[in-house]
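Computed over heavy atoms, backbone and side chain alike; hydrogens, waters and symmetry mates excluded.
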Amino acid sequence: MTAKELEDRLRATLREIAEAAPLANPNQPRPDQNAATNRGFRFDFKVLAVIVGLLFVITTIVTVGLTSGTSPSHSPPSSTTTSSTPTGPIVVPNTIGLQTAQAASVLQSADITNSIDNVDCGSSIAAGHVVGQAPPAGSHVAPGSRINLRIECP
Amino acid sequence: VEPGEDQVAEVKGTVADPFTTTYQAEYPGMLRLAFVLTGNAEAAEDVVQDAFALLHAKWDRVANPGGYLRVTIVNLCRNRARRRQKERRLGEQFLGRQLSSLHALELADVLMALPYRQRAVLVLRYWGDWSEAEIAAALHCRPGTVKTLASRGLASLRKEVGE
């Protein structure tokens, strides 16, 4: 293998590792424009697939209910309404730099529970303030989701 | 840093402050950088969060947030590599599930096993397209050392995967 071949292979490998970075989950912050076309498309495609899947299930249930002709009036509609409880995604607010109590109330008002998972020392943020959060601000989560906060130690 | 009222107002969803804008614009690139350096998803997320926290604390004094974040991430990943040797193995497991080609996987294994500074030089030079001077500044070494680290790293790769 020549030096050039090794370098090219290294470049390709690094690109592939970078592509495997954990950005593909829906909890990522979505960058506004450029460079994000790939992931944006994939995300939209997933949502589309879920919607199409749900529609398919609903129509199947309804048509099966109608064609069997046993009870077209009551039971099928009730089962479909219970199966599709909409959980709109919540945008995670930024809490970095806030006091712990302040951060908790900000999250609470956004219908997110928080937990303090560990304590950091030595960052230049004041004691008792939030140093980091996961998932990060701008992520989309389901209502009632849990956010981990890291707090600067006293 | 005092969290001001304006920040709380922003959280409730009206104005995007410059920090949040920077955060959203820089997060994906910085996460990729940290991930290539650590090979570990969790570690990469932690490091990027810490880097943004440090940036937040120095926001008024930092002229170039992107540059500050890059250098901070390179150094935080280095501290992490020093502290936690076992992450190397976790990283390999994670990469094993993620990488499609056997070719890439083989090279990634060797790459993640390299000493941190050698790996960092290869990542920054061949993936980040950083200049030698930028790499030397981030790693706190001389440009000559960058050259040495790169050729040592490449030699190890060649020894392990070269035909």
*Asks:* Is A:Val91 linked to B:Tyr23 within one hydrophobic cluster, defined over Ile, Leu, Val, Met, Phe, Trp and Tyr using a side-chain heavy-atom separation of less than 4.5 Å?
*Replies:*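 A:Val91 and B:Tyr23: separate clusters.
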*Asks:* The test is side chain to side chain contact (heavy atoms under 4.5 Å, CB included); show your working for B:His56 and A:Val131 and say whether it passes.
*Replies:* CA-CA 9 Å; B:His56 188 274; A:Val131 187; over 6 Å; no
*Asks:* Given that the side chain runs from C-beta out, which part of A:Ala3 has a heavy atom under 4.5 Å from chain B: side chain, backbone, both or neither?
*Replies:*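 Both parts, backbone and side chain.
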*Asks:* Taking A:Leu14 as the fixed residue, which of B:Leu124, B:Leu107, B:Val36 is the one that meets the side chain to side chain contact (heavy atoms under 4.5 Å, CB included) rule?
*Replies:*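 Running side chain to side chain contact (heavy atoms under 4.5 Å, CB included) over B:Leu124, B:Leu107, B:Val36 with A:Leu14 returns exactly one hit, B:Val36.
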*Asks:* Within the structure provided, determine whether B:Phe35 and A:Ile17 are in side-chain contact (heavy-atom separation under 4.5 Å).
*Replies:*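 Yes. Closest side-chain heavy atoms under 4.5 Å.
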*Asks:* Is any side-chain heavy atom of B:Val161 closer than 4.5 Å to one of A:Leu6?
*Replies:*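 Yes. Closest side-chain heavy atoms under 4.5 Å.
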*Asks:* Which residue in the set A:Arg15, A:Arg9, A:Arg11 passes side chain to side chain contact (heavy atoms under 4.5 Å, CB included) when paired with B:Tyr126?
*Replies:*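 Filter result, single survivor: A:Arg11.
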*Asks:* Give the cluster check for B:Trp59 versus B:Met30: same hydrophobic cluster or not, with ILVMFWY residues linked at side-chain heavy-atom distances below 4.5 Å.
*Replies:*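 In one cluster: yes.
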*Asks:* Using a 6.0 Å cut-off, check whether atom CD of B:Glu42 has over 12 heavy atoms from anything other than its own residue.
*Replies:*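 It does not: B:Glu42 CD has 12 such atoms or fewer within range.
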*Asks:* Look at the side-chain heavy atoms of Ile, Leu, Val, Met, Phe, Trp and Tyr, link any pair under 4.5 Å apart, and say whether B:Leu76 and B:Val62 land in one connected group.
*Replies:*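 Linked, B:Leu76 and B:Val62 end up in one cluster.
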*Asks:* Quick one: CG on A:Asn94 to CZ on B:Phe52, what's the gap to the nearest 0.5 Å?
*Replies:*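 One gets 10.5 Å once the value is rounded to the nearest 0.5 Å.
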*Asks:* Heavy atoms only: give me the nearest B:Gln49-A:Arg150 pair and the separation to one decimal.
*Replies:*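 Result for this residue pair: CB-NH2, 3.4 Å.
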*Asks:* Using the rule that two of Ile, Leu, Val, Met, Phe, Trp, Tyr join whenever any of their side-chain heavy atoms come within less than 4.5 Å, decide whether A:Leu10 and B:Val110 are in one cluster.
*Replies:*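 A:Leu10 and B:Val110: one cluster.
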*Asks:* Taking all atoms of both residues into account, what is the closest heavy-atom pair of B:Leu154 and A:Glu7, and its distance?
*Replies:*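 Scanning both residues, the minimum pair turns out to be CD1-OE2, 4.3 Å.
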*Asks:* Of all heavy-atom pairs between B:Arg32 and A:Ala18, which one has the smallest distance, and what is that distance?
*Replies:*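 In terms of heavy atoms, the two residues are closest at NE-O, 3.1 Å.
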*Asks:* Flag yes if B:Leu139 and B:Tyr68 sit in one hydrophobic cluster, no otherwise; membership is Ile, Leu, Val, Met, Phe, Trp, Tyr, and two members link when side-chain heavy atoms are under 4.5 Å apart.
*Replies:*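 Yes, B:Leu139 connects to B:Tyr68 through the hydrophobic network.
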*Asks:* Under 4.5 Å heavy-atom distance to chain A, tell me which part of B:Leu111 shows up: side chain, backbone, both or neither.
*Replies:*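 Just the side chain, heavy atoms under 4.5 Å.
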*Asks:* Please flag which part of A:Ser105 lies under 4.5 Å from any non-hydrogen atom of chain B: side chain, backbone, both or neither.
*Replies:*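 Nothing of A:Ser105, per the 4.5 Å heavy-atom cut-off to chain B.
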